[in-house]
Amino acid sequence: MQIKNQELKHQGDRQKNSKSHKIAWFLGAIPLALFALIAWGLTEPYILDQEEETAVVPNLPAAWSGKKVAQLSDFQVGMWWDNVATVSKSVNKLIAEKPEAVFITGDFIYHANPNSQDEINEVVNLLRPLSDANIPTYAVLGNHDYGMKSKDIEPDREQAALLTQELESIGIEVLSNEVVQIPLQGQPSDLYVVGIGSHWAKSDRVDTALAQLSADSPRITIMHHPDSFIDFPANTASFAMAGHTHGGQIRLPFLPHWSWLSFAKDDQVRSDAWVAQEYGQPGNNLYVNRGVGFSDIPLRINCTPELTFFTLQPSQS
């Protein structure tokens, strides 16, 4: 009986030791997993994701059917550990692919004055090869380009004007509630780009922009903040692009709407790619690009930087 009791005691001790080992292993694995996650988050920003999409443009001129245009967004040059290497990689990819036009949807720089001049100079140097390749390039400004890290900050319009001037000095056309024709292979065409001003800077004037073209004019619409899209009447923005959200920047797998930015920011973070049909008016379609840079921390997890190519197609109706 005593031997049996000793065996039961030893068995109980072994079970306790096994349980203790499992707990210790689990607790030890947590920092290792966290380290691996951060290491991946520091690596992923340098993996450029090239997306291929089809965009329908009503009344698209026949010469534009099947042609490609591209979108970049949210460089955030100047943030600590900023992602200029991937911006440069994106520009080189654009030069190699040579789309008919490139659209950059804001947040070129990160800081407000007095740091912005150096950041603007770096942006110009990064984008100069794109201009030298003679690819028509159009842009709108984002909140950071006005020195606005939050909605409560007064927009720095002098900084925005300086950035606009420097970008236009290398041939990048910056639009604020304006409409211009997009040339095709150096020749005038009947396709237009509608560029909307910054939403946070209270400069988005959709009515002002739309008044500059006829109702049936084929157009591509660009803006920084997706909320500007809400102001478009039905059937006036069949193909629109935006940025701002970074796609959430750090996203839980299989749950694209659950991200670090959705908890850290006041804005509702809309998923990347084509926004759900119930957002905006009937006949309007918005694509939200994940961008290249960062907000606050230099990490991307399950949210690689994005360069998007769109193949243009006419409406089938």
Side-chain angles (χ1 to χ4, degrees), residues 43-53 55 67-79 81-111 116-142 144-145 162-175 180 182-186 193 195 220 222-224 241-244 246-247 249 272 287-295 298 300 303-312:
T43 302
E44 188 172 305
Y46 303 101
I47 302 172
L48 180 64
D49 182 17
Q50 179 175 320
E51 297 282 358
E52 298 282 347
E53 299 285 341
K67 301 297 186 184
K68 287 190 176 184
V69 299
Q71 181 192 11
L72 275 175
S73 196
D74 297 270
F75 301 163
Q76 311 281 26
V77 168
M79 202 200 91
W81 241 349
D82 58 4
N83 201 8
V84 294
T86 305
V87 175
S88 180
K89 186 186 297 184
S90 301
V91 169
N92 291 336
K93 187 67 176 176
L94 287 168
I95 293 170
E97 296 285 338
K98 207 166 178 66
E100 300 300 334
V102 171
F103 304 98
I104 306 176
T105 47
D107 274 5
F108 291 87
I109 61 176
Y110 192 73
H111 290 108
S116 62
Q117 182 63 66
D118 290 340
E119 296 173 6
I120 291 171
N121 292 342
E122 187 163 16
V123 165
V124 168
N125 289 332
L126 285 166
L127 294 178
R128 194 184 302 276
L130 187 60
S131 298
D132 292 343
N134 295 316
I135 301 173
T137 303
Y138 306 90
V140 291
L141 300 187
H144 278 271
D145 302 322
L162 176 60
L163 175 59
T164 296
Q165 177 183 323
E166 294 295 332
L167 289 173
E168 292 192 335
S169 74
I170 60 170
I172 295 174
E173 195 157 1
V174 181
L175 305 175
V180 297
I182 308 172
L184 180 60
Q185 298 172 356
V193 54
I220 296 170
I222 61 175
M223 65 201 74
H224 177 66
M241 308 174 191
H244 181 70
H246 305 182
Q249 193 168 314
D272 61 299
Y287 189 94
V288 181
N289 184 288
R290 293 191 300 274
V292 176
F294 316 103
S295 181
R300 278 183 174 265
C303 193
T304 50
E306 179 180 2
L307 167 62
T308 317
F309 288 89
F310 299 92
T311 301
L312 303 184

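We use all heavy atoms of the structure for the numbers below, so side chains are in, but hydrogens, waters and symmetry mates are not. Residue numbers run from 1 in the order of the sequence given. Just so it is clear, the model here is predicted, and its values are computed rather than measured.
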Fill in the blank from the handout: Value for CD (Glu44) from CZ (Arg300), rounded to nearest 0.5 Å, stands at 8.0 Å
Handout entry: Contact check, side chains of Leu72 and Asn289, non-hydrogen atoms, under 4.5 Å
Key = no
Handout entry: Plane angle bin for His224 and His244 - parallel if under 30°, tilted between 30 and 60°, otherwise perpendicular
Key = perpendicular
Handout entry: Partner set under ring pair (Phe, Tyr, Trp, His ring centres under 6.0 Å) for Phe310, not counting sequence neighbours
Key = Phe239, Tyr287
Handout entry: Closest heavy-atom pair and its distance - Tyr138, Val180
Key = CE2-CG2, 3.7 Å
Practice task
Return the minimal non-hydrogen interatomic distance between Leu307 and Ser90, and the atom names on each side.
Solution key: CD2-O, 4.1 Å
Problem - Over all atoms of both residues, closest heavy-atom pair of Trp81 and Phe294 - result: O-CE1, 3.4 Å
Problem - With Ser116 via side-chain hydrogen bond (donor to acceptor under 3.5 Å, both in side chains) - residues at least two apart - result: Asn113, Gln159
Practice task
Please list, chain by chain and in numerical order, all residues satisfying salt bridge (charged side-chain N to carboxylate O under 4.0 Å, His left out) with Glu166, sequence neighbours excluded.
Solution key: none
Exercise for the section: Could you tell me which residues satisfy salt bridge (charged side-chain N to carboxylate O under 4.0 Å, His left out) with Glu119, sequence neighbours excluded, listed by chain and number? Expected result: none
Exercise for the section: Name all residues meeting the side-chain hydrogen bond (donor to acceptor under 3.5 Å, both in side chains) criterion together with Asp49; count only those two or more places apart in sequence or in a different chain, and write none if there are none. Expected result: Arg290
Handout entry: Option among Asp74, Val174, Leu141 that satisfies the side-chain contact (heavy atoms from CB on, under 4.5 Å) test with Phe108
Key = Leu141
Practice task
May I have all residue pairs that pass salt bridge (charged side-chain N to carboxylate O under 4.0 Å, His left out) and include part of residues 83-97, sequence neighbours excluded?
Solution key: Lys93-Glu97
Exercise for the section: Examine distances only and state if a side-chain atom of Asp107 and a backbone atom of Phe75 form a donor-acceptor pair shorter than 3.5 Å. Expected result: no
Exercise for the section: Search all heavy atoms of Ala139 against all heavy atoms of Ile172 and return the closest pair with its distance. Expected result: CB-CG2, 4.0 Å
Practice task
State, yes or no, whether a side-chain contact exists between Cys303 and His246 at a heavy-atom distance under 4.5 Å.
Solution key: no
Exercise for the section: Determine yes or no for a side-chain-to-main-chain donor-acceptor pair under 3.5 angstrom, with Gln249 supplying the side chain and Ser295 the backbone. Expected result: yes
Handout entry: Test item: Leu94 and Pro99 side chains (from C-beta on) under 4.5 Å apart, heavy atoms
Key = yes
Handout entry: Straight-line distance of Met223 CE to Phe103 CZ, nearest 0.5 Å
Key = 12.5 Å
Exercise for the section: Using a 4.5 Å cut-off on heavy atoms from C-beta on, say whether the side chain of Val84 contacts that of Ser88. Expected result: no
Fill in the blank from the handout: Contacts of Lys98 meeting salt bridge (charged side-chain N to carboxylate O under 4.0 Å, His left out) (sequence neighbours excluded), chain-then-number -> none
Practice task
Could you pull out all residues at least two apart from Thr105 that satisfy side-chain hydrogen bond (donor to acceptor under 3.5 Å, both in side chains)?
Solution key: Gln71, Ser73
Practice task
Evaluate the criterion side chain to side chain contact (heavy atoms under 4.5 Å, CB included) for residue pair His111 and Asp118; output intermediate values, then yes/no.
Solution key: CA-CA 10 Å; His111 290 108; Asp118 290 340; over 6 Å; no
Scan the side chains in residues 124-137 for donor-acceptor partners under 3.5 Å anywhere in the protein, sequence neighbours excluded, and list what turns up.
from, atom 1, to, atom 2, distance (Å)
Asn125, ND2, Asn121, O, 3.3
Ser131, OG, Ile170, O, 2.5
Thr137, OG1, Ile135, O, 2.9

Practice task
Output yes when a side-chain donor or acceptor of Thr86 lies under 3.5 Å from a complementary backbone atom of Val292, and no otherwise.
Solution key: no
Fill in the blank from the handout: Those residues at least two apart in sequence (or on a different chain) that pass side-chain hydrogen bond (donor to acceptor under 3.5 Å, both in side chains) with Glu52 are Gln50, Lys68
Exercise for the section: Determine whether Glu100 and Ile182 make a side-chain contact, defined as any pair of heavy atoms from C-beta on separated by less than 4.5 Å. Expected result: no
Problem - Backbone N/O of Ile109 and side chain of Asp145: donor-acceptor pair under 3.5 Å - result: yes
Problem - Flag side-chain contact, heavy atom, 4.5 Å: Asp82 against Tyr110 - result: no
Problem - side chain to side chain contact (heavy atoms under 4.5 Å, CB included) assessment of Ile220 paired with Leu312 - result: CA-CA 10 Å; Ile220 296 170; Leu312 303 184; 4.2 Å; yes
